[in-house]
Amino acid sequence: MRMKMIMAVIQDRDWVNLSKELTKHGYGVTKLSSTGGFLRQGNTTVMIGVEEGYVESVLGIIKRQCKKREIPMTLYPPSITGLNMTSPPVNVTVGGATVFVMNVERFEHLE
Ligand code: 2BA
């Protein structure tokens, strides 16, 4: 069976429910703390290694646990622009998950 690596960028607040649900179904998951390049805010990246046949099941769990939300965001505050004015907030869609599914050449647990 081929192994796949699922990497998903999610919101920090979705991590607890997502990890609970993945472990309940027997999937292994590793959390990495990450930062989005656009919002420059912390987010969470999860790594999930699974056999190919389980990919859709894992994507289903991610979809159910990672909700899409709109948040008002000031993209260029004075602390970044150095100007004494704030750009008006714009609504940015966050959440859901940005998912990459990659082939795994080799997978081992070394002891
Ligand atoms: P950020 O780069 O902080 O982006 C957060 C959200 O801001 C994005 O959500 C998108 O809705 C919006 N956004 C990003 N770039 C934009 C732009 N140039 N103009 C207008 N709105 C923009 P998502 O697309 O769901 O991405 C969530 C996070 O996933 C990203 O956080 C980034 O950390 C990661 N990501 C997204 N696409 C990626 C990619 N191709 N490669 C690696 N990481 C990616």
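Just so you know, ligand 1 is whichever comes first in the structure, and atom 1 is the first atom listed for that ligand.
- Tracing side-chain contacts under 4.5 Å through hydrophobic residues (I, L, V, M, F, W, Y), one never reaches V94 starting from W15; they form parts of separate clusters.
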What are the distances between nitrogen or oxygen atoms of ligand 1 and protein nitrogen or oxygen atoms, counting only those under 3.5 Å?
unit_1: ligand 1; atom_1: 2 (O); unit_2: G37; atom_2: N; d: 3.2
unit_1: ligand 1; atom_1: 2 (O); unit_2: F38; atom_2: N; d: 2.9
unit_1: ligand 1; atom_1: 3 (O); unit_2: L39; atom_2: N; d: 2.9
unit_1: ligand 1; atom_1: 11 (O); unit_2: T93; atom_2: O; d: 2.8
unit_1: ligand 1; atom_1: 25 (O); unit_2: T98; atom_2: OG1; d: 3.4
unit_1: ligand 1; atom_1: 26 (O); unit_2: T98; atom_2: OG1; d: 3.4
unit_1: ligand 1; atom_1: 29 (O); unit_2: T98; atom_2: OG1; d: 3.4
unit_1: ligand 1; atom_1: 33 (O); unit_2: N43; atom_2: ND2; d: 3.0

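- Hydrophobic clustering, with ILVMFWY side chains joined whenever heavy atoms are under 4.5 angstrom apart, keeps V50 apart from V9.
- Among residues two or more places apart in sequence or in another chain, the side chain to side chain contact (heavy atoms under 4.5 Å, CB included) test is passed with S34 by N43, T45.
- The salt bridge (Lys or Arg N to Asp or Glu O under 4.0 Å) pairs that include a residue from residues 2-28 are K4-E52, D14-R69, E21-K24, where partners are two or more places apart or lie in different chains.
- Under the 30°/60° scheme for interplanar angles, the aromatic rings of H109 and F107 are found to stand perpendicular.
- Checked against salt bridge (Lys or Arg N to Asp or Glu O under 4.0 Å), R106 has the following partners two or more places apart in sequence or in another chain: E108.
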